[in-house]
A.B. asks: 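Mind having a look at this structure? Questions to follow.
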Amino acid sequence: MAPAARTRRDAADETPTHAITHAMRIPFLRPSLPRTEELAPYLRRVDAAGIYSNYGPLARELETELLRRRFGGQGAVTTVANATLGLMLAISAVKRPGRRWAILPSFTFAAGPLAAMWCGLKPYFVDVTPGAWTLDEAALDAALAELGDDAAVVMPGATFGTAMDLSGYERRRAAGLPVVVDAAPAMGAGNDGMQFGRGFAGAVVYSLHATKPFGIGEGGLVYSADGELIARIRRDANFGFNAERMAETPGLNAKLSEYGAAVGLAMLESFAQRRAERRRVARGYAERFAASGLEQRGWEAQAPAADCPQFWPVLAPRGRSNRAVIAALAQDGIECRSYFAPACHQQPAFAAAGRGPLPVTEELAARAVSLPFWEAMTEEEMDAVLEALIRWG
Ligand SMILES: *Cc1c(COP(=O)(O)O)cnc(C)c1O
């Protein structure tokens with residue numbers, strides 16, 4: 001395989017679960033970012049302005065346009081260098097002082113609990129629901145009963161771009177429990193044209209990483225209906241500097257460069273088509289899966305609840321390991337992944353974390369297989385994936 005293709009796959013490799021020793025005919029994903037020609041007008045603007053960072057004109061325009069187009073102008077946003085830093089800044093801004101625990105799902109990407117640890121908190125893992133694979137609010141209540149007054153923040157996650165219902169979290173937040181939503185894969189997700197997260201007065205953190213629906217390479221966006229919270233996070237992302245350039249809060253540098261913002265502005269031009277593409281591929285898989293007979297053999301499809309899915313995961317039959325399925329499909333040159341396996345509580349960095357019962361998480365970590373998924377995936381490629389799944393499944 002050509003070196004360029006290998007590089008693309010490596011760049012997408014967030015959680016390598018096994019060694020892939022030969023070239024894949026159908027990779028797990030092909031990041032699709034604006035091409036040089038689409039970027040050129042924006043790069044010329046960077047040249048002309050001579051400003052390269054520090055919330056320059058392109059970053060400000062990207063913020064304004066995302067707020068207007070995705071959030072209907074309601075609330076406030078600030079760009080960040082990546083979602084992990086966005087999560088750290090948001091947790092640091094809202095956490096209850098002197099409390100120890102960040103409550104979050106184990107069925108998520110490691111960035112969430114890592115960000116909590118960088119804020120001096122200990123992760124406490126709670127199970128997800130079997131239907132939506134998002135934080136189980138009954139299990140959250142049990143965790144809150146267990147931890148008493150020692151919960152600093154709760155961090156639900158919009159798993160694979162699922163537009164989860166935030167009304168329960170809005171109530172909890174208003175009652176004094178700070179909420180940071182890890183919406184990393186959910187830029188573009190929502191219902192009825194309304195961006196997921198809009199109107200929420202806690203912090204909602206989106207990733208603009210190359211492997212996410214709105215990919216610019218590295219980048220992120222923090223949204224809140226609370227403009228003061230965003231102003232605080234924006235200041236903290238610039239060393240905590242006040243108007244006199246005095247560090248006032250424990251800030252850090254999490255600013256998005258003007259080059260990143262240039263990619264974001266170019267991305268905005270094609271984002272509606274890209275979202276439609278993701279829906280087309282999700283529909284294509286759903287139709288093929290329904291017609292495949294796999295359900296009669298114990299396979300289950302996880303219907304994406306959002307209109308801009310990040311991945312297309314299925315569950316292997318009970319007792320069948322996703323690792324074995326992934327290894328089998330790799331023999332056909334088809335690269336699948338096991339998001340999120342291992343789950344966070346199974347990873348060494350979180351050995352000291354607290355946890356409630358995690359039966360759903362452990363079952364998903366053992367059975368979930370994410371199929372290859374990207375915009376512009378052809379019907380023939382989807383056919384090949386399903387044929388291999390039927391053959392090996
Ligand atoms: C991608 C992702 C992150 C990390 O985002 P970065 O921008 O790469 O830091 C965090 N949480 C979840 C759920 C993700 O999918």
Side-chain angles (χ1 to χ4, degrees), residues 49 51-97 102 115-116 118-121 152-156 166 169-170 172-184 186-187 195-208 214 216 218-258 260-261 264-265 268:
I51 297 169
Y52 301 94
S53 185
N54 292 15
Y55 307 120
L58 278 77
R60 290 203 305 274
E61 184 172 323
L62 179 62
E63 290 163 345
T64 305
E65 284 303 309
L66 280 171
L67 184 65
R68 185 174 70 81
R69 297 187 197 197
R70 297 296 312 153
F71 299 91
Q74 183 191 332
V77 297
T78 188
T79 46
V80 283
N82 59 62
T84 306
L85 286 166
L87 287 166
M88 286 167 58
L89 290 161
I91 296 163
S92 155
V94 303
K95 68 175 179 172
R96 293 170 72 215
W118 276 99
C119 293
L121 302 177
V153 63
V154 58
M155 301 167 60
L166 290 177
Y169 294 102
E170 187 56 62
R172 294 173 193 279
R173 196 200 58 75
L177 177 64
V179 180
V180 172
V181 181
D182 181 352
M187 178 49 69
Q195 169 62 43
F196 166 73
R198 180 169 108 156
F200 188 67
V204 190
V205 182
Y206 307 89
S207 171
L208 309 184
F214 194 103
I216 67 169
E218 291 278 5
L221 190 81
V222 187
Y223 168 87
S224 178
D226 175 356
E228 274 173 38
L229 174 58
I230 292 301
R232 157 85 197 268
I233 289 171
R234 190 176 183 77
R235 188 184 64 198
D236 287 355
N238 186 32
F239 312 103
F241 279 164
N242 65 18
E244 284 80 45
R245 291 183 63 77
M246 303 256 281
E248 206 171 82
T249 43
L252 45 74
N253 179 5
K255 300 186 299 293
L256 181 68
S257 89
E258 287 289 275
L265 288 169
L268 272 176

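Numbering starts at 1 and runs along the sequence shown.
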A.B. asks: Measure the shortest side-chain to side-chain distance between F214 and L268 over non-hydrogen atoms and say whether it is less than 4.5 angstrom.
C.D. replies: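 Yes; the side chains approach each other to less than 4.5 Å.
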A.B. asks: What closest approach, in Å, do L85 and A81 show between heavy atoms, and which atom pair accounts for it?
C.D. replies: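 The answer is CD1-CB, 4.0 Å.
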A.B. asks: With the side chain counted from C-beta on, respond yes when R232 and D236 share a heavy-atom pair under 4.5 Å apart, and no when they do not.
C.D. replies: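 Counting from C-beta outward, R232 and D236 do come under 4.5 Å.
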A.B. asks: Going by ring pair (Phe, Tyr, Trp, His ring centres under 6.0 Å), name the residues that satisfy it together with F71, two or more places apart in sequence or in a different chain.
C.D. replies: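 In terms of ring pair (Phe, Tyr, Trp, His ring centres under 6.0 Å), with neighbours along the sequence ignored, F71 is linked to Y206, Y223.
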A.B. asks: Side chains of T79 and L62, heavy atoms from C-beta outward: is any pair under 4.5 Å?
C.D. replies: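 The answer is yes; the side chains approach within 4.5 Å.
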A.B. asks: Can you find a heavy atom in the side chain of Q195 that is under 4.5 Å from one in the side chain of M187?
C.D. replies: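 Yes, at least one pair of side-chain atoms sits under 4.5 Å.
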A.B. asks: Within the structure provided, determine whether E218 and S257 are in side-chain contact (heavy-atom separation under 4.5 Å).
C.D. replies: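 Heavy-atom side-chain distance check fails, nothing below 4.5 Å.
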A.B. asks: Got a donor-acceptor contact below 3.5 angstrom from the E170 side chain to the F200 backbone?
C.D. replies: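 Not confirmed, E170 side chain does not pair with F200 backbone.
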A.B. asks: How close do G199 and A225 get, heavy atom to heavy atom, and via which atoms?
C.D. replies: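 Closest heavy-atom pair between G199 and A225: O-CB, 3.5 Å.
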A.B. asks: List the steps and the verdict of side-chain contact (heavy atoms from CB on, under 4.5 Å) for V181 and Y169.
C.D. replies: CA-CA 9 Å; V181 181; Y169 294 102; 5.9 Å; no
A.B. asks: Heavy-atom distance under 4.5 Å between the side chains of L87 and W118, does that happen here?
C.D. replies: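 No, every pair of side-chain atoms sits at 4.5 Å or beyond.
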A.B. asks: How far does CE of M246 sit from CZ of F241, to the nearest 0.5 angstrom?
C.D. replies: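 Separation between the atoms: 10.0 Å.
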A.B. asks: Less than 4.5 Å apart, side chain to side chain, heavy atoms only: is that true for R173 and V94?
C.D. replies: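 With C-beta onward as the side chain, the pair stays apart.
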A.B. asks: How far does CD1 of I233 sit from CG of L89, to the nearest 0.5 angstrom?
C.D. replies: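 CG of L89 is found 6.5 Å from CD1 of I233.
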A.B. asks: R70 and V77: side-chain contact (heavy atoms from CB on, under 4.5 Å), yes or no, with the steps?
C.D. replies: CA-CA 11 Å; R70 297 296 312 153; V77 297; over 6 Å; no
A.B. asks: Rounded at 0.5 Å granularity, tell me how far CZ in R198 sits from CG in L166.
C.D. replies: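 With rounding to 0.5 Å, CZ (R198) is 13.5 Å from CG (L166).
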A.B. asks: Measure the CZ-NZ distance between F239 and K255 for me, rounded to the nearest 0.5 Å.
C.D. replies: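 So the CZ of F239 and the NZ of K255 are separated by 4.0 Å.
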A.B. asks: Rounded to the nearest 0.5 Å, what's the gap from CE on M155 to NZ on K95? Could you check?
C.D. replies: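 Here the interatomic distance stands at 12.0 Å.
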A.B. asks: Closest heavy-atom contact between A93 and L229?
C.D. replies: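 Closest pair (atom of A93, atom of L229, distance): CB-CD1, 3.9 Å.
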A.B. asks: Are R60 and E63 within salt-bridge range, i.e. N to O under 4.0 Å?
C.D. replies: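 No.
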A.B. asks: Where do L58 and A261 come nearest, in terms of heavy atoms and distance?
C.D. replies: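 Taking every non-hydrogen atom into account, C-CB, 3.6 Å.
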A.B. asks: Enter the distance from S53:OG to L256:CG here, rounded to the nearest 0.5 Å.
C.D. replies: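 Here the rounded value is 7.5 Å.
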A.B. asks: On a heavy-atom basis, which atom in S92 and which in C119 lie closest, and how many Å separate them?
C.D. replies: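 Closest heavy-atom pair between S92 and C119: N-SG, 3.9 Å.
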A.B. asks: Does N54 reach the main-chain N or O of G56 with its side chain, forming a donor-acceptor pair under 3.5 Å?
C.D. replies: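 No; judged by distance alone, with no hydrogens or angles, the pair does not exist.
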A.B. asks: For A83 and V205, which heavy atoms make the closest approach, and how far apart are they?
C.D. replies: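 What the structure gives for the nearest pair is O-CG1, 3.5 Å.
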A.B. asks: Between S207 (side chain only) and G220 (backbone N and O only), is there a donor and an acceptor less than 3.5 Å apart?
C.D. replies: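 Between the backbone of G220 and the side chain of S207 there is no qualifying donor-acceptor contact (under 3.5 Å).
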